[in-house]
Amino acid sequence: MTSSYSPAFSDRLAATAAAVESALDEALSTSAPLLAGMPARLADAMRHGALGGGKRLRPFLTLESAALFGAPPAGAVQVAAALECIHCYSLIHDDLPAMDDDDVRRGRPTVHKAFDEATAILAGDSLLTLAFGLVASADELSPAARLSLVSLLSRDAGAAGMAGGQMLDLMAETDTLDETSIARMQAMKTGALIAFACEAGAVLMDASQDERARLRRFGEVIGLAFQLADDLLDETADATTLGKAAGKDRDRGKKTLPALHGLQWTRDRLSDLVSEAEELLSPFAERGATLREAARFIAGRDR
Ligand code: GRG
């Protein structure tokens, strides 16, 4: 498995990050229609949690999945920004003392450190709710697509998806999970939002049910790879590279697949997942090249 990427891929990733940053900056401004009149302190905390950092991988997956079906309309960036709002909310809440208790995120103080705990909770809540408003008001998309996206996002971010996975993760601190339970927890905690990212690209382009299902499966496979790579980095990388604490899972004796099976097993499994993801894109031929590279990027990432 290679971990070097074409200049075209790096350029596209950087261009998406810039487009999403700008959409978020606009969506989180005090004059944004959905936020008019919000308290300045809450606006500052939301901006601290959402702007100026992050790989913006989930938005990238949405926009590149959409691009398989033609040129994405302007509303696609709004959906991608909405998804990033949910991701940022999850990081803000995950960093709280009641959850993972982290002081540093994306190389900067976490929101509860820069502000306070109550403000961080409200900033997370506000990013989560804003996301649904952004999807609903993405005017360039068909009403049917917007409705499907709201419903899918509700499921994938909520108790049957990311939040439910986080619950299972918290319970794992006292219950010992077997391999199947670890896989289920991870598929929900990190996998659901990544699967949404990919399926959303097909939905917003009004693609067929078959195409939606294929993109969903692709997202599930790279979601698994994302989590395995994250667990591997927790074991092997340092905090400066990661921009957050490293080695936390190991220190807490938390069961991860690398902890159960070792580093070589993890690297082999990552390689198999990349092959499976690439295979799922075969009907798209050359149009799938960027997403194939994204799968390799996710499995081989170093931060
Ligand atoms: C609090 C409801 C709730 C859910 C939290 C996603 C999550 C669930 C917690 C994050 C904990 C964590 C570090 C999980 C590992 C995978 C992950 C989401 C890493 C961070 O995502 P990246 O690498 O981060 O895409 P950037 O900063 O690039 O956006």
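The first residue of the sequence shown is numbered 1, and numbering continues consecutively from there. We count ligands from 1, going down the list as the structure has it; atoms in each ligand are counted the same way. Any value given below was found using the heavy atoms of this structure, including those in side chains, with hydrogens, waters and symmetry copies removed.
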For ligand 1, which atoms have a heavy atom of [X] less than 4.0 angstrom away?
X      : result
Arg106 : 26 (P), 27 (O), 29 (O)
Asp230 : 15 (C), 16 (C), 19 (C)
His93  : 1 (C)
Gly54  : 26 (P), 27 (O), 28 (O), 29 (O)

Examine [X] against ligand 1 and note whether any of their N/O atoms are separated by less than 3.5 Å.
X      : value
Gln227 : no
Arg58  : yes
Tyr89  : no
His87  : yes

Out of curiosity, does Leu96 fall in the hydrophobic cluster containing Val111 (side-chain heavy atoms, cut-off under 4.5 Å, transitive links)?
->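 The answer is no; the residues belong to distinct hydrophobic clusters.
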Scan residues 121-139 for pairs that pass salt bridge (Lys or Arg N to Asp or Glu O under 4.0 Å), counting only residues two or more places apart or in two chains.
->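 Non-adjacent pairs meeting salt bridge (Lys or Arg N to Asp or Glu O under 4.0 Å): Asp139-Arg146.
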For ligand 1, note which part of Gln166 has a heavy atom under 4.0 Å away: side chain, backbone, both or neither.
->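 The side chain, only.
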Can you name the nearest heavy-atom pair linking Leu134 to Cys85, along with the distance?
->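 Nearest heavy atoms, Leu134 then Cys85: CD1-SG, 4.2 Å.
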Lys/Arg-Asp/Glu bridge criterion (N-O < 4.0 Å) met for Arg47, Asp25 =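 Salt bridge flag = yes for Asp25 with Arg47.
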For the pair Asp156 and Arg216, find out whether any cationic side-chain nitrogen is under 4.0 Å from an anionic carboxylate oxygen.
->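 Result for this pair is yes, salt bridge flagged.
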Could a heavy atom of Leu57 be found less than 4.0 Å from some atom of ligand 1?
->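 It does not, in that no heavy atom of Leu57 comes within the 4.0 Å cut-off of ligand 1.
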Mind checking whether Phe284 and Phe218 have ring centres under 6.0 Å apart?
->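 No, too far apart.
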Yes or no on side chain to side chain donor-acceptor pair (under 3.5 Å) for Asp116 and Thr119, after CA distance, side-chain angles and deciding distance?
-> CA-CA 5 Å; Asp116 57 71; Thr119 305; 2.9 Å; yes
